[in-house]
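What follows is a set of notes on a single structure, which appears directly below.
Values below: all heavy atoms of this structure, side chains included; hydrogens, waters and symmetry mates excluded. None of the values given here were measured: they were computed from a predicted structure.
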Amino acid sequence: MRQWKVFFSQHMRWSSALTQALTLSVITFCVVLPLCCHRLLYSYYFFRFTYLNSMSDEVLQKSLERGQDALHFWQSGSPMESTRFSDVAQNPELLVTVVTARRSEGRDFHYLLQVMQQLSRIAGGCGGRRCAEVLLCDVESGPEENQDAKLLEGHFKVIRRSSQEQQANRESPNTFEREKRDYVFCLRQGWELVKPKNMILLEDDALPGEDFFRVVKDLLSRRFALHTLYIKLYHPERLQRYWNPEPYRILEWVGLGLVGATALLLSIPYCNPGSLSFTLSANHLIFFTLYFMATAELIGRHYLLEVRRISPQLYAVSPATECCTPAMLFPGNASLRVADFLDGSFCYKGNAKDTVLYRKARTTPGERAHSVEPNLVTHIGAYSSVRPNPLRPKLL
């Protein structure tokens with residue numbers, strides 16, 4: 001008992017670094033962060049049961065309003081001249097091909113019309129010429145037409161399969177294989193029709209951001225783009241955390257902690273209103289490194305990445321992640337190699353096209369694949385055109 005009293009008298013005074021460290025941790029992780037982050041969707045502190053339903057409904061309502069606005073825009077009959085992309089130039093610097101299919105649910109959201117309206121607007125932001133040529137690839141093979149694609153025929157060049165090809169595609173053994181064949185069809189048609197220097201394939205629910213073309217232009221100017229199979233422009237926000245199997249994120253995480261800890265410990269001798277006892281020692285450096293690492297992870301890496309939007313040069317490029325293909329950039333003639341890789345693989349549940357490409361890039365000698373962060377598109381598709389939909393879509 002006496003030993004414990006001596007321990008507490010020596011180490012639990014406010015002047016003790018241990019007391020200050022414990023106090024700082026409790027205030028940060030039990031008071032400040034819960035108060036500040038309980039409404040941040042991708043934070044560990046997010047109050048899911050309190051806010052998820054209302055936030056999901058709000059996002060759905062905004063998407064519905066954007067969809068109706070886009071419908072009125074394209075139905076107006078006299079859209080701006082800059083929205084007319086039906087005359088596609090040969091050998092453009094960049095071709096954007098949008099893959100679309102009819103949705104049986106969520107048709108009032110008009111995802112395709114939203115995406116095409118945004119593309120038509122931001123494509124004029126490259127001085128006196130377009131930032132890219134745009135193709136619409138309608139892969140609908142059912143008996144009903146894709147009405148949104150039909151509406152856009154007067155403004156964009158629309159490519160479709162022949163009746164015989166549509167019939168053959170309907171006989172695909174599963175959804176994943178049919179989705180892959182659609183992807184390959186759009187890749188090859190875009191290349192054969194236009195012969196672009198670079199190609200982007202967007203799914204019809206991938207809404208480009210305002211800086212989409214500025215960042216793509218910067219990416220293509222970097223040396224790595226000459227030697228990459230593809231660059232992913234989107235990765236789900238919920239999978240962007242540091243606590244993830246991607247090795248480069250662990251390095252980024254530790255580096256962030258070390259920089260934050262070093263900067264704080266170096267500043268304490270010059271600014272120390274709380275009479276803190278921390279010094280630039282090994283123990284204190286380890287503590288603050290872990291402190292900043294935990295803080296960053298609990299807030300959410302997604303929100304730290306958003307700071308990079310200040311400039312296209314700040315967007316981070318890293319080895320490609322596996323999941324999802326809403327927005328893919330294929331430099332040079334890489335789209336042809338991707339089409340060949342996909343053609344040589346059979347897709348099924350657990351081996352979808354994104355998994356096939358990820359594995360090919362990792363196992364094929366000389367091939368590399370990359371991801372860019374933060375995302376260049378927002379995935380607005382609460383209702384899927386190829387998979388079962390929930391009765392009430394949610395953000396998580």
* Determine yes or no for a side-chain-to-main-chain donor-acceptor pair under 3.5 angstrom, with Thr28 supplying the side chain and Ser25 the backbone. => no
* **Asp211 and Tyr315: CA distance, side-chain angles, deciding distance, side-chain hydrogen bond (donor to acceptor under 3.5 Å, both in side chains) verdict** => CA-CA 11 Å; Asp211 59 353; Tyr315 279 69; 2.4 Å; yes
* Asked: Between CG of Leu135 and CD1 of Ile200, what distance do you get to the nearest 0.5 Å?
  -> 12.5 Å
* Could you tell me which non-hydrogen atom of Asp87 sits nearest to which non-hydrogen atom of Glu133, and how far apart they are? => O-OE1, 3.8 Å
* Test side chain to side chain contact (heavy atoms under 4.5 Å, CB included) applied to Leu251 - qualifying residues, sequence neighbours left out -> none
* Using 4.0 Å as the upper bound for N to carboxylate O, is an ion pair formed by Arg337 and Glu367? -> yes
* Indicate yes or no: does Arg309 engage Glu306 in a salt bridge with an N to O separation below 4.0 Å. => yes
* Could you state the interatomic distance from CG (Leu187) to CG (Leu336), rounded to the nearest 0.5 Å? -> 8.5 Å
* Examine distances only and state if a side-chain atom of Ser371 and a backbone atom of Ser318 form a donor-acceptor pair shorter than 3.5 Å. => no
* Asked: Should the pair Asp218-Arg222 be classified as a salt bridge under the 4.0 Å nitrogen-to-oxygen rule?
  -> yes
* Asked: Going from CZ on Arg301 to OG on Ser43, what distance comes out if it is rounded to the nearest 0.5 angstrom?
  -> 15.0 Å
* Asked: Does Tyr42 use its side chain to pair, donor to acceptor, with the backbone of Gln240 at less than 3.5 Å?
  -> no
* Asked: ring pair (Phe, Tyr, Trp, His ring centres under 6.0 Å): which pairs involve residues 341-364, sequence neighbours left out?
  -> none
* **Asp108 with Arg103: basic N within carboxylate O range, under 4.0 Å** => no
* Asked: Does CZ belonging to Arg368 count more than 12 external heavy atoms closer than 6.0 Å?
  -> no
* **Under 3.5 Å donor-acceptor, Asn198 side chain and Gly332 backbone** => yes
* Ile159 versus Asp138: any side-chain heavy-atom pair under 4.5 Å? -> no
* Is there a ring-ring contact (aromatic ring centres under 6.0 Å, His included) between Tyr51 and His38 once you walk through the steps? -> CA-CA 9 Å; Tyr51 298 115; His38 66 284; 5.7 Å; yes
* Keeping the roles fixed (side chain from Asn389, backbone from Ser384), state whether a donor-acceptor pair exists under 3.5 Å. => yes
* Structure fact -> Scanning both residues in full, the closest heavy-atom pair of Val134 with Val88 reads O-CG2, 4.0 Å
* Structure fact -> Across all chains, not counting sequence neighbours, the salt bridge (Lys or Arg N to Asp or Glu O under 4.0 Å) partners of Glu58 are Lys62
* Look up atom CG in Leu202 and atom CG in Leu233, then write down how far apart they are to the nearest 0.5 Å. => 7.5 Å
* Asked: In terms of ring plane angle, is the pair Tyr383 and Phe109 parallel, tilted or perpendicular, where the classes change at 30° and 60°?
  -> tilted
* To do: Before accepting this row, confirm whether a basic side-chain N of the pair Asp204/Arg102 lies closer than 4.0 Å to the acidic partner's carboxylate O.
  => no
* To do: Salt-bridge test for Asp57 and Arg392: reply yes if a basic N is under 4.0 Å from a carboxylate O, no otherwise.
  => yes
* Phe156/Trp74 aromatic ring centres below 6.0 Å -> yes
* What closest approach, in Å, do Gly190 and Thr97 show between heavy atoms, and which atom pair accounts for it? -> CA-OG1, 4.5 Å
* Asked: If we only count heavy atoms from C-beta on, is the Thr321 to Lys232 side-chain gap below 4.5 Å?
  -> yes
* To do: Ignoring hydrogens and angles, tell me if any N or O in the side chain of Asn91 forms a donor-acceptor pair with the backbone of Pro196 under 3.5 Å.
  => no
* **His379 versus Asp205, side-chain donor and acceptor atoms under 3.5 Å** => yes
* Compare all side-chain heavy atoms of Gln114 with those of Ile380 and state whether any distance is below 4.5 angstrom. => yes
* Asked: Can you list the residues that meet the disulfide bond (SG atoms under 2.5 Å apart) rule with Cys37, with sequence neighbours excluded?
  -> none
* Structure fact -> Taken to the nearest 0.5 Å, the spacing of Phe330 CZ from Ile231 CD1 works out to 10.0 Å
* Nearest 0.5 Å, what's the CG-CZ distance between Leu112 and Arg107? -> 14.5 Å
* To do: Would you check, one step at a time, whether the test side-chain contact (heavy atoms from CB on, under 4.5 Å) holds for Gln147 with Leu151?
  => CA-CA 6 Å; Gln147 294 298 325; Leu151 177 61; over 6 Å; no
* **side chain to side chain contact (heavy atoms under 4.5 Å, CB included) partners of Ile27, counting only residues at least two apart** => Thr23, Val32
* To do: Please examine the side chains of Cys131 and Phe212, heavy atoms only from C-beta on, and report whether any two atoms are closer than 4.5 Å.
  => no
* In the single-linkage hydrophobic clustering (I, L, V, M, F, W, Y; side-chain heavy atoms under 4.5 Å), do Val254 and Leu280 co-cluster? -> yes
* **Phe185 six-ring centre to Arg161 NZ/CZ under 6.0 Å and within 45° of normal** => yes
* **Check ion pair Glu373-Arg308 (N to O, under 4.0 angstrom)** => no
* To do: Could you tell me whether the side chain of Glu177 and the main chain of Cys347 form a donor-acceptor pair under 3.5 Å?
  => yes
* Carboxylate-amine/guanidinium proximity below 4.0 Å for Glu210 and Arg121 -> yes
* Asked: Does some side-chain heavy atom of Leu329 sit less than 4.5 Å from a side-chain heavy atom of Met199?
  -> no
* To do: For residues Tyr45 and Phe29, establish whether the separation of their ring centroids is below 6.0 Å.
  => no
* Between Glu192 and Arg188, is there a salt bridge with N-O shorter than 4.0 Å? -> no
* Asked: Which is it for Leu396 and Phe46 under the side-chain contact (heavy atoms from CB on, under 4.5 Å) test, yes or no, and what are the steps along the way?
  -> CA-CA 11 Å; Leu396 295 176; Phe46 178 58; 4.2 Å; yes
* Using the six-membered ring of Tyr44, assess whether NZ or CZ of Arg241 lies under 6.0 Å from its centre and within 45 degrees of the ring axis. => yes
* Taking all atoms of both residues into account, what is the closest heavy-atom pair of Asn146 and Ala101, and its distance? -> ND2-C, 3.5 Å
* **Flag side-chain contact, heavy atom, 4.5 Å: Leu357 against Met328** => yes
* Asked: Are Arg359 and Glu322 within salt-bridge range, i.e. N to O under 4.0 Å?
  -> no
* Do the side chains of Tyr234 and Leu305 join up, straight or via other hydrophobic residues, at under 4.5 Å, putting them in one cluster? -> no
* Structure fact -> Leu256 meets the side chain to side chain contact (heavy atoms under 4.5 Å, CB included) criterion, sequence neighbours left out, with Tyr242, Ala296, Leu304
* Minimum heavy-atom separation for His284 to Thr279, with atom names? -> ND1-N, 2.9 Å
* Report yes if the side chains of Phe278 and Gln20 come closer than 4.5 Å at any heavy-atom pair, otherwise no. => yes
* To do: Quick one: do Glu65 and Gln61 satisfy side-chain hydrogen bond (donor to acceptor under 3.5 Å, both in side chains)? Show the steps, please.
  => CA-CA 6 Å; Glu65 292 172 0; Gln61 181 60 35; 3.2 Å; yes
* Can Lys195 and Glu93 be counted as an ion pair, charged N to O under 4.0 angstrom? -> no
